[in-house]
Amino acid sequence: MTSFNIALNFEDGVTRFVECKAGEKVLDAAFRARINLPMDCSDGVCGTCKCRAESGRYDLGDEYIDDALTEDEKDSGLVLTCQMIPESDCVIAVPASSTACKTGQSTFAATVTKIEPHNDAAVVLELDVDAAAPVFLAGQYVNIDVPGSGQHRSYSFSSAPGETKISFLIKKIPGGVMSTWLDSAQPGHKVELTGPLGSFYLRAVERPLLFLAGGTGLAPFLSMLEVLARADSQQKVHLIYGVTRDLDLVQVQAIEAFTAKLPNFTFSTVVADAASAHPRKGWVTQHMPAESLNDGDVDVYLCGPPPMVDAVRKHFDDNGVKPNSFHYEKFTPNAAPVTA
Ligand code: FES
């Protein structure tokens, strides 16, 4: 029997996935998974179970009343989970915390398979998950417990969902907790991960995409590009990858490989260092072709440090650019990412 994978994104950033059987309502599927989504009447009357469907196809049912879900709310993507019957995999934003819904983060173990330094700038960490492949949305992150430190650090998956082999692009920080551990870590070492987390993930692709990556903020885009390639996406995608120094440009071959897999994928690199011989110097905002903004009919995704997020917002404001959507994740070393 057909079933669908439903991602429930809670407002505290936790994501849980539930299996929804054909013809099953989301509220019932979540309840089977011991997740108590907000609800009261379960009859389409009170509106308590209202959530936002961010992607996927579904039947809203016809047994709810207008007071519970108005036409305008329906048109804006709101749904009643006590009535909604998925017809494909769906992503649903739940306006409540995971703890309020009696659920929480998932934890899983993995074994180090590869530690690959890239200059002095970054490390690609590859892990083999000990049990089932973790389910996540391309762009999301996990917390990795740094063995022996009692601390964790947050990293976006650079690999695509559905694999037991997962990878991360980790910025090298001299003296940093993770960087110090990576200096002595070996294949075979074990780590614990918690997640997936975050609301920075690839939404339904309905128009051209502009990806803006700052430094190791490239990681989630590698995951998204792989998802697009697997879906044979024909959509236009332009990636601008900005770094501080020449040595910070890593994984360029991996990006280049997507030009063969995605017919409408283009990218450019930008180096900020004034002393660089790179053909494009400065900031990503100085190398953003007008066509990549498609007169505003574009979905923009940005992952980078806070000043980059602020600079891009200012650039859009100054130039009257109003993209259809702007999703961003600000990251700073040693802190959980901030998404919007
Ligand atoms: Fe009352 Fe869904 S729980 S409308």
Side-chain angles (χ1 to χ4, degrees), residues 1-107 132 134-141 161-162 194-206 227 299 324-327 338-340:
M1 186 164 74
T2 316
S3 65
F4 303 113
N5 216 10
I6 309 301
L8 299 171
N9 286 334
F10 298 93
E11 65 178 13
D12 52 357
V14 171
T15 301
R16 292 297 309 269
F17 289 80
V18 298
E19 183 203 22
C20 198
K21 296 175 183 158
E24 190 175 29
K25 292 168 178 163
V26 169
L27 189 70
D28 298 335
F31 191 68
R32 264 196 308 109
R34 299 176 184 276
I35 298 171
N36 295 352
L37 291 179
M39 60 84 73
D40 190 356
C41 69
S42 80
D43 275 331
V45 174
C46 68
T48 309
C49 64
K50 207 175 290 173
C51 290
R52 180 172 299 282
E54 299 200 318
S55 71
R57 286 179 288 105
Y58 49 86
D59 181 353
L60 268 180
D62 50 16
E63 297 195 355
Y64 62 88
I65 64 169
D66 260 8
D67 277 358
L69 186 73
T70 66
E71 278 296 305
D72 283 352
E73 288 177 324
K74 186 179 96 172
D75 291 347
S76 72
L78 293 176
V79 295
L80 299 174
T81 58
C82 74
Q83 303 297 308
M84 171 188 181
I85 298 176
E87 293 173 344
S88 73
D89 293 348
C90 292
V91 178
I92 298 174
V94 181
S97 69
S98 59
T99 25
C101 296
K102 304 266 187 294
T103 185
Q105 300 175 349
S106 308
T107 298
V135 190
F136 61 94
L137 302 168
Q140 289 192 302
Y141 70 92
T194 304
L197 294 150
S199 54
F200 183 75
Y201 53 83
L202 187 63
R203 276 37 181 205
V205 180
E206 293 165 345
V227 164
D299 289 323
N324 176 70
S325 69
F326 181 29
H327 309 279
V338 177
T339 53

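Whatever order the structure lists ligands and atoms in, that order sets their numbers, starting from 1. When a residue number appears, it is its place in the shown sequence, counting from 1.
- A donor-acceptor pair under 3.5 Å is formed between the side chain of Asp89 and the backbone N or O of Asn5.
- Using modelled atom types, one side-chain atom of Lys50 and one backbone atom of Ala68 make a donor-acceptor pair closer than 3.5 Å.
- When the side-chain hydrogen bond (donor to acceptor under 3.5 Å, both in side chains) test is applied to Thr81, no partner is found at least two apart in sequence or on another chain.
- Counting only heavy atoms from C-beta outward, the side chains of Leu137 and Asn9 approach each other to under 4.5 Å.
- At a threshold of 4.5 Å between non-hydrogen side-chain atoms, the residues Cys41 and Thr48 do not count as touching.
- Tyr58 has its side chain out of reach of Val26: every pair of non-hydrogen atoms, C-beta onward, lies at least 4.5 Å apart.
- Under 2.8 Å from atom 2 (Fe) of ligand 1, one finds the following protein N/O/S atoms: Cys49 SG, Cys82 SG.
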